[in-house]
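Please read the structure below before turning to the comments.
Model, not experiment: these values are computed from the prediction. Chain letters run A, B, ... following the sequence lines, proteins first and then strands; every chain starts at 1.
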There are 2 protein chains.
Amino acid sequence: MPNTSLDREVERRLSERAIRYTRGRHAVVAALAAADGPLSAAELHETVEGSLPLSSIYRSLTVLEEVGVLAQHNSAKGLTRFELAEWLKGHHHHLICVECGSVEDVLVAAQHESQVDRIVDEISRAASFTPANHALEIEGRCSRCS
Amino acid sequence: MPNTSLDREVERRLSERAIRYTRGRHAVVAALAAADGPLSAAELHETVEGSLPLSSIYRSLTVLEEVGVLAQHNSAKGLTRFELAEWLKGHHHHLICVECGSVEDVLVAAQHESQVDRIVDEISRAASFTPANHALEIEGRCSRCS
DNA sequence: TTACTAATGAGAACAGTTCTCATTATGAAG
DNA sequence: CTTCATAATGAGAACTGTTCTCATTAGTAA
């Protein structure tokens with residue numbers, strides 16, 4: 001099992017809670033680290049080499065999400081996709097293709113992000129809402145589909 | 001069947017495509033117009049008076065969404081919710097409670113919205129993406145759950 | 001090792017959604 | 001006002017993504 005800096009961070013996070021960083025969980029993390037957008041359980045099932053069973057993938061996703069290593073993303077048609085949490089991969093937003101359904105990550109320039117933060121804070125305050133995080137989802141057509 | 005200005009707009013949109021504005025479809029539109037956030041098929045099933053069967057609700061949602069009267073919103077746990085499209089209810093964003101899962105609409109001040117538009121355009125251009133619309137989703141705790 | 005518990009694999013069970021088909025309602029034509 | 005053609009509905013079966021169960025395997029501490 002490889003031992004990148006990502007692996008070390010994930011392992012630390014897991015071991016704090018006495019949860020093991022097993023081969024299956026590592027495979028999921030590695031696949032998501034290599035992807036350029038969130039993946040569903042089924043997509044991981046195809047991507048991961050050595051083919052984990054689906055039930056294990058679901059379990060790994062659940063565990064890794066509870067621990068804060070992964071973040072959920074709810075796509076169209078009731079599909080739940082996962083990606084590395086932002087503390088591992090950096091803050092980003094999503095470009096969602098209405099044609100093919102793909103989701104692509106995009107980084108955001110710092111000065112833009114601070115504007116978004118300010119807007120989020122003002123909206124939340126006005127609604128007595130306590131914001132934890134936010135996502136700017138842009139729908140349209142990706143370069144392949146347009 | 002009532003005949004509000006909303007109904008007239010919806011009916012026009014449907015009749016352009018030779019689709020009828022039936023009692024069931026009207027009930028769905030009315031329930032969504034009265035709600036203050038997107039609703040799932042099951043939630044509509046409870047809300048609508050006269051209890052439409054679920055299969056009809058799903059069909060109405062599909063039709064109304066294809067025609068552009070409704071917009072989808074993908075919530076956690078594979079739940080798809082619907083609300084009136086923005087041309088009918090105005091541009092808004094969502095406050096999503098991570099505790100109870102509720103979704104609340106919020107209007108956005110014009111000067112904020114133009115900032116968001118500019119950011120969306122710049123991100124999209126950089127990625128050769130053709131934006132159609134966007135959503136700023138704010139996750140956190142609603143006033144009831146915090 | 002030994003013993004205890006976490007994690008896995010396979011498949012059953014579940015929930016939300018879509019599909020099928022027989023029936024009913026609607027609108028157009030005569 | 002009928003008759004006809006077809007759109008829409010209701011009920012439930014079928015489908016699909018996800019979760020659960022349970023027997024087995026792997027990992028860890030003593």
In whole angstroms, how far is the C1' atom of C:dT18 from the CD atom of B:Gln72? 13 Å
note: A:Leu52, atom CG; C:dA7, atom P; distance rounded to Å ~ 14 Å
Rounded to the nearest Å, what distance is computed from the CD atom of residue A:Glu66 to the C1' atom of nucleotide C:dA7? 14 Å
Whole angstrom value for the distance that separates P of C:dT8 from CG of A:Leu54: 14 Å
Can you check the B:Leu61 CG to C:dT18 C1' distance for me, whole Å? 13 Å
How would nucleotides 25-30 of chain D be written as a contact map, 5' to 3', with B for base contact, S for sugar-phosphate-only contact and - for no contact, using protein heavy atoms under 4.0 Å? --BS--
Spacing between B:His26 atom NE2 and D:dA7 atom P, to the nearest angstrom: 23 Å
From C-beta outward on B:Arg59, which listed nucleotide comes closest to its side chain: C:dT17, D:dT9, C:dG9? D:dT9
DNA chain C nearest-nucleotide lookup for A:Ile19 and B:Thr80: closer to the 5′ end is A:Ile19
For A:Leu79 and C:dT18, what is the distance between atoms CG and P respectively, to the nearest whole Å? 12 Å
Nearest-nucleotide pick for B:Ser55, side chain only, options being D:dG17, D:dT9, D:dG12: D:dG12
Charged N-O contact under 4.0 Å between B:Arg12 and B:Glu16: yes
What is the distance from OH of B:Tyr21 to P of C:dG27, rounded to the nearest Å? 14 Å
Side chains of B:Arg17 and B:Glu66, heavy atoms from C-beta outward: is any pair under 4.5 Å? no
Any donor-acceptor pair under 3.5 Å linking the side chain of A:His94 with the backbone of A:Val103? no
I'd like to check B:Leu84 versus B:Leu6 (side-chain heavy atoms, cut-off strictly below 4.5 Å). Are they in contact? yes
What distance separates A:Leu70 CG from A:Thr62 OG1, expressed to the nearest 0.5 Å? 9.5 Å
Whether A:Tyr58 contacts D:dT19 is assessed here as follows: a side-chain N or O lying under 4.0 Å from the phosphate OP1 or OP2. Is that the case? no
For the side chain of B:Arg25, starting at C-beta, report the closest nucleotide among D:dA8, C:dA7, D:dG12. D:dA8
Angle between ring planes, B:His91 versus B:His134, binned at 30° and 60°: parallel, tilted or perpendicular? perpendicular
Apply the test side-chain hydrogen bond (donor to acceptor under 3.5 Å, both in side chains) to residues B:Ser114 and B:Asp117: give CA-CA distance (whole Å), side-chain angles for both, the deciding distance (0.1 Å), then the verdict. CA-CA 5 Å; B:Ser114 65; B:Asp117 282 342; over 6 Å; no
